[in-house]
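First up is the structure itself, then whatever we jot down about it.
The structure presented is a predicted model; accordingly, all values stated were derived computationally and were not measured.
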Amino acid sequence: ATGSISADATSTADSTLVSVTLEGAAQGIVAAAALVDGDTEAQADATGIDGAQGRDTVTNAAGVTTTASATASSTSVSVSVEGVLQGIAGGAALANTETKSTATASGISGADDDDAITNTGVISSTSTSSSHSTSVTVTIPAAIDGAALGLALGDASTTSQASSVGTDGGLGTDTIVNGQDITVSATATSDSDSVSVSIPVSPEAVTVAASLAFADSTATAVGIGISGGDGIDTITTGTETITANTSSTAQTLGVSADIAASIIGGGFTMLETETISQAVSIAVSGGGGDDTITSGATLAGLAEAYGKTDAVSGSIAALDVALVDASANATAWFAGIEGGTGADTVLYTGSMDFTAASDGTGLGVGAAIGLFGYISGDVAVTSNAYATGLTGGTLIPGVPDTDTDLVTNRGTIAVTADADAAGRSVAAELIGITQADGTTTATGSSAGIRGDGGNDILRNEGTAGATTYADATG
């Protein structure tokens, strides 16, 4: 093919769900519940040249540009209000929200079977995925003379995935020859908010309030310049430039609160938030099987992962319990050339310079005002950054490749891993028991040339440099 090839895919999904319940009576028992449950998903796939199944021969000299964008947003609101002059008022507000977006961009895809792919055109593949979830629950039961019971439960789950590949051989025994620049970019953003509030009111009797909020957010961005896929592959590049940029951002916000407005009141709040952010960049990957990779290309790019979680739980009651459990994990991987599983042979004669950077932050606050209470706050923040120039094995540490690999460097390697983590846990109560626990971990690992579990042969006939930074505060 000559000239230019362009493929664009865009998907957008939005949803808003609202449930409001109002109940009242002069006396007796008044009970009501408001419930919303919604799923929202957006998916976009863009491929420039698709060989599909079968033994394909693809020869391309055209510029290939692929762009995939997926955006999903959902909001769930549940409100329950009950009132009785004399008797018992009970209310529950429940909201569940799940949101997912997936964007995939591929320049050239060989798919299954044995393929031969030759490319001399510039390839650019860009994927962008964004997801946002909001869950709000409010319950207000009121009894002038009697008892008021309130439950608010909110759950927000958000997932965002972005994947970009320049040339993908797929399954089978593939031969890939590349002689022109490849740029891949993948950006994934995930945001999840959950708020639960319970306010039972009974001025002259008993109130019991419970509010529970759950929020989880996961963002994954993957960018691979050339991928052989599973099978015995031969990958050859010239002196072109292969750039892989990935960025993942995941955030969660959780708020759980109750106010038991009465002479005798009990409050219980529980809040759990989880944030996972992952960014993976690989310039050239052999995949599974016994691969041969020969490259003189300039390899560059950035893998950056950011994860943040904020959790606030509070109770105002005569007797109260407030629990907070918050976690954030940010991990970034970058490899110049990854042989993958199998007995691989890698020869590199080019120049590479790239960075894997991760940043995780977390804040957990538990507080109560009452005659007596138990407050517990637990925050765990983990930040990992891994940068590897050449490896015959797999990119991810802890996944061993026991085959014997031969890795030779005759080029220039400069890689950097930078991990930062910050976490804080706060627990406060006027009278009672408080407990605040926090774990903050930052791990950085970099290697110019790395073996991976087998009897590997590593030869450095060029220059290899690796720099690592790790900083944890809490």
Side-chain angles (χ1 to χ4, degrees), residues 1-11 43-70 102-129 162-187 221-229 231 233-246 281-287 291-301 336-337 350-352:
T2 58
S4 62
I5 298 172
S6 179
D8 298 322
T10 301
S11 177
Q43 181 172 339
D45 300 301
T47 302
I49 300 174
D50 189 355
Q53 293 186 353
R55 297 184 176 181
D56 307 311
T57 299
V58 179
T59 302
N60 176 62
V64 179
T65 302
T66 60
T67 303
S69 177
T102 304
T104 303
S106 300
I108 301 175
S109 175
D112 294 347
D113 293 319
D114 304 340
D115 306 310
I117 301 174
T118 301
N119 175 66
T120 55
V122 175
I123 296 177
S124 176
S125 295
T126 302
S127 61
T128 304
S129 176
S163 177
S164 296
V165 180
T167 299
D168 185 5
L171 296 174
T173 300
D174 305 312
T175 300
I176 300 175
V177 178
N178 186 74
Q180 191 52 274
D181 294 350
I182 294 176
T183 301
V184 295
S185 176
T187 303
V222 178
I224 304 176
I226 299 175
S227 174
D233 305 313
T234 301
I235 301 174
T236 305
T237 79
T239 58
E240 68 275 16
T241 299
I242 301 175
T243 304
N245 292 317
T246 58
S281 291
I282 308 173
V284 181
S285 174
D291 306 312
T292 300
I293 302 174
T294 304
S295 176
T298 297
L299 310 181
I337 298 179
S351 176
M352 68 174 73

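- Judged by distance alone, the side chain of S295 and the main-chain N or O of T237 form no donor-acceptor pair under 3.5 Å.
- The minimum heavy-atom distance linking G223 with A244 is given by the pair O-CB, 4.0 Å.
- T126 and S185 share no donor-acceptor pair across their side chains, judged by distance under 3.5 Å alone.
- When atom types are taken as modelled, the side chain of S11 and the backbone of Q43 share a donor-acceptor pair closer than 3.5 angstrom.
- The OG atom of S285 sits 5.5 Å away from the CD1 atom of I224 when rounded to the nearest 0.5 Å.
- Inter-residue side-chain proximity for I242 and V284 is flagged as met; some heavy-atom pair is nearer than 4.5 Å.
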Given the rule in the side-chain contact (heavy atoms from CB on, under 4.5 Å) test, do T239 and T298 qualify, once you have shown the distances and angles that lead to the verdict?
CA-CA 7 Å; T239 58; T298 297; over 6 Å; no

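- Among all heavy-atom pairs drawn from V184 and G166, the shortest one is CG1-N, 3.4 Å.
- Across all their heavy atoms, T128 and A103 have their closest contact at O-CB, 3.4 Å.
- When each of T236, N119, T167 is tested with N178 by the rule side chain to side chain donor-acceptor pair (under 3.5 Å), just one qualifies, namely N119.
- Contact check for T243 versus N245: side-chain heavy atoms found under the 4.5 Å cut-off.
- Counting only N and O atoms by type, the side chains of S281 and T246 include a donor and acceptor under 3.5 Å apart.
- Minimum interatomic distance between Q180 and E240 (heavy atoms only, all atoms of both residues): O-CG, 3.3 Å.
- The structure places CG of D181 at 10.5 Å from OG of S124, a figure rounded to the nearest 0.5 Å.
- Scanning both residues, A186 and A221, for their nearest heavy atoms gives O-CB, 3.6 Å.
- Once rounded to the nearest 0.5 Å, the distance linking CG of L299 with CD1 of I337 reads 5.5 Å.
- Considering I282, I182, I117 as possible partners of I226, the one that fulfils the side-chain contact (heavy atoms from CB on, under 4.5 Å) test is I182.
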The test is side-chain hydrogen bond (donor to acceptor under 3.5 Å, both in side chains); show your working for S164 and S127 and say whether it passes.
CA-CA 6 Å; S164 296; S127 61; 2.7 Å; yes

Show the numbers, then the answer: is there a side-chain hydrogen bond (donor to acceptor under 3.5 Å, both in side chains) between Q53 and D113?
CA-CA 6 Å; Q53 293 186 353; D113 293 319; over 6 Å; no

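- The side-chain contact (heavy atoms from CB on, under 4.5 Å) test with I49 is passed by exactly one of I5, I123, D56: I5.
- The CG atom of D174 sits 4.5 Å away from atom CG of D233, with the distance rounded to the nearest 0.5 Å.
- Between D291 and G231, the closest heavy-atom pair is OD1-O, 2.9 Å.
- Checked by atom type, the side-chain pair T66/S125 shows a donor-acceptor distance below 3.5 Å.
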